[in-house]
Amino acid sequence: MPAAAESKPLLDVLTLERPEQLKALGHPLRLSVLELLGTADGDSLTNRELAQKLDVDPGHLHFHVRMLLRAGLIELAAGGHGREKPYRSVARTLRVAPELLASGERSDIHAAMLAGIERGWAEHGAQGTFRTAQITARITPERAVELVQEFAGRAQESEDPDLEPLVITTVLHPPTRGEA
């Protein structure tokens with residue numbers, strides 16, 4: 001088990017380069033844990049506190065927390081009493097290395113991303129705070145990726161640390177037969 005973090009600062013960005021790190025993101029509950037720990041601005045939460053906030057059984061959650069810990073996406077934080085060990089995120093933002101995305105190790109993350117979108121729609125759709133857009137463009141896939149990367153760069157430049165995070169999900173795909 002890794003040693004507790006000694007109040008070292010949160011990384012701004014952690015680039016995921018190993019398949020097991022990507023696999024650890026492949027469950028909606030683990031994504032929720034990362035979201036909670038990532039928005040805590042360096043604060044730590046125990047498994048029991050996480051379970052309470054997520055309204056799940058602590059025993060069930062422990063499996064998922066350990067998987068994130070083994071993947072190096074969270075770490076033990078200083079403090080805690082007895083068996084209640086606090087955890088914290090290692091970074092504010094996770095990015096997936098392009099080589100890893102190109103490797104085909106992504107079906108779990110895609111499923112988790114779609115589940116996150118569905119949860120977001122369910123939680124925020126009726127409030128009018130969930131936005132969607134879909135366009136069809138006659139451009140190469142490479143140009144589409146360039147445009148997404150340009151948008152991501154501009155979004156990073158525009159970040160305001162005083163604002164709540166906003167999840168922006170981009171999906172590029174050929175049209176289905178009915179859409180062509």
Side-chain angles (χ1 to χ4, degrees), residues 1-124 152 155-156 159-171:
M1 179 82 48
E6 292 297 325
S7 301
K8 63 183 176 183
L10 228 53
L11 294 173
D12 193 40
V13 176
L14 173 67
T15 301
L16 308 183
E17 297 174 339
R18 300 185 330 259
E20 61 271 14
Q21 290 175 309
L22 192 59
K23 184 173 175 62
L25 296 176
H27 192 281
L29 190 53
R30 292 192 288 269
L31 290 176
S32 295
V33 167
L34 281 173
E35 186 176 316
L36 273 175
L37 293 175
T39 57
D41 200 26
D43 291 343
S44 58
L45 296 169
T46 66
N47 187 73
R48 186 172 309 282
E49 291 166 333
L50 286 164
Q52 187 176 15
K53 288 179 181 286
L54 295 169
D55 195 28
V56 297
D57 176 68
H60 175 70
L61 182 64
H62 186 67
F63 165 80
H64 295 287
V65 167
R66 288 191 47 81
M67 190 164 190
L68 291 169
L69 186 65
R70 281 194 305 271
L73 305 180
I74 64 173
E75 61 190 2
L76 285 172
H81 307 286
R83 298 180 70 186
E84 285 297 310
K85 298 174 179 70
Y87 299 94
R88 68 178 208 140
S89 179
V90 298
R92 287 182 180 83
T93 305
L94 299 177
R95 295 228 164 39
V96 181
E99 307 80 42
L100 189 56
L101 282 176
S103 72
E105 298 273 349
R106 55 185 185 245
S107 62
D108 287 346
I109 188 67
H110 286 169
M113 284 172 57
L114 291 174
I117 291 169
E118 289 174 357
R119 281 193 321 278
W121 181 260
E123 290 177 24
H124 305 287
Q156 286 175 328
E159 283 194 58
D160 181 342
D162 296 328
L163 296 176
E164 290 294 315
L166 179 67
V167 177
I168 301 171
T169 304
T170 307
V171 179

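Listed by chain and number, the residues in a ring pair (Phe, Tyr, Trp, His ring centres under 6.0 Å) with His62 amount to none (sequence neighbours excluded). Looking at residues two or more places apart in sequence or on another chain, you find a side chain to side chain contact (heavy atoms under 4.5 Å, CB included) between Asp160 and Asp162, Leu163. Among residues two or more places apart in sequence or in another chain, the side-chain hydrogen bond (donor to acceptor under 3.5 Å, both in side chains) test is passed with Arg18 by Glu20. Listed by chain and residue number, nothing satisfies the side-chain hydrogen bond (donor to acceptor under 3.5 Å, both in side chains) test with Gln52 (two or more places apart in sequence, or in another chain). Residues forming a salt bridge (charged side-chain N to carboxylate O under 4.0 Å, His left out) with Glu159 (at least two apart in sequence, or on another chain): none. Under the rule for a side chain to side chain contact (heavy atoms under 4.5 Å, CB included), the partners of Thr46 that lie at least two apart in sequence or sit in another chain are Arg48, Glu49, Glu84, Pro86.
Using a 4.5 Å heavy-atom threshold, the side chains of Tyr87 and Leu76 count as touching.
Here the closest heavy-atom approach between residue Leu61 and residue Val33 is recorded as CD1-CG2, 3.6 Å. The shortest heavy-atom contact between Leu73 and Gln21 is CD1-O, 3.8 Å. The two atoms that bring Ser89 and Ala91 nearest to each other are OG-O, 2.7 Å, heavy atoms only.
Proximity of a side-chain donor or acceptor of Arg30 to a complementary backbone N or O of Ala24 within less than 3.5 Å is detected.
Between atom OG of residue Ser32 and atom NE2 of residue His64 there is a gap of 10.5 Å, rounded to the nearest 0.5 Å. Taking CD1 from Ile74 and CZ from Arg66, the interatomic distance works out to 10.0 Å, rounded to the nearest 0.5 Å. Rounded to the nearest 0.5 Å, atoms CG (Leu29) and CG (Leu34) are 10.5 Å apart. To the nearest 0.5 angstrom, Glu75 atom CD is 10.0 Å from Ser44 atom OG.
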- [ ] Please report the C-alpha distance between Leu37 and Leu68 in whole Å, then the side-chain angles of each, then the deciding distance to 0.1 Å, and finally whether the side chain to side chain contact (heavy atoms under 4.5 Å, CB included) criterion is met.
- [x] CA-CA 11 Å; Leu37 293 175; Leu68 291 169; over 6 Å; no

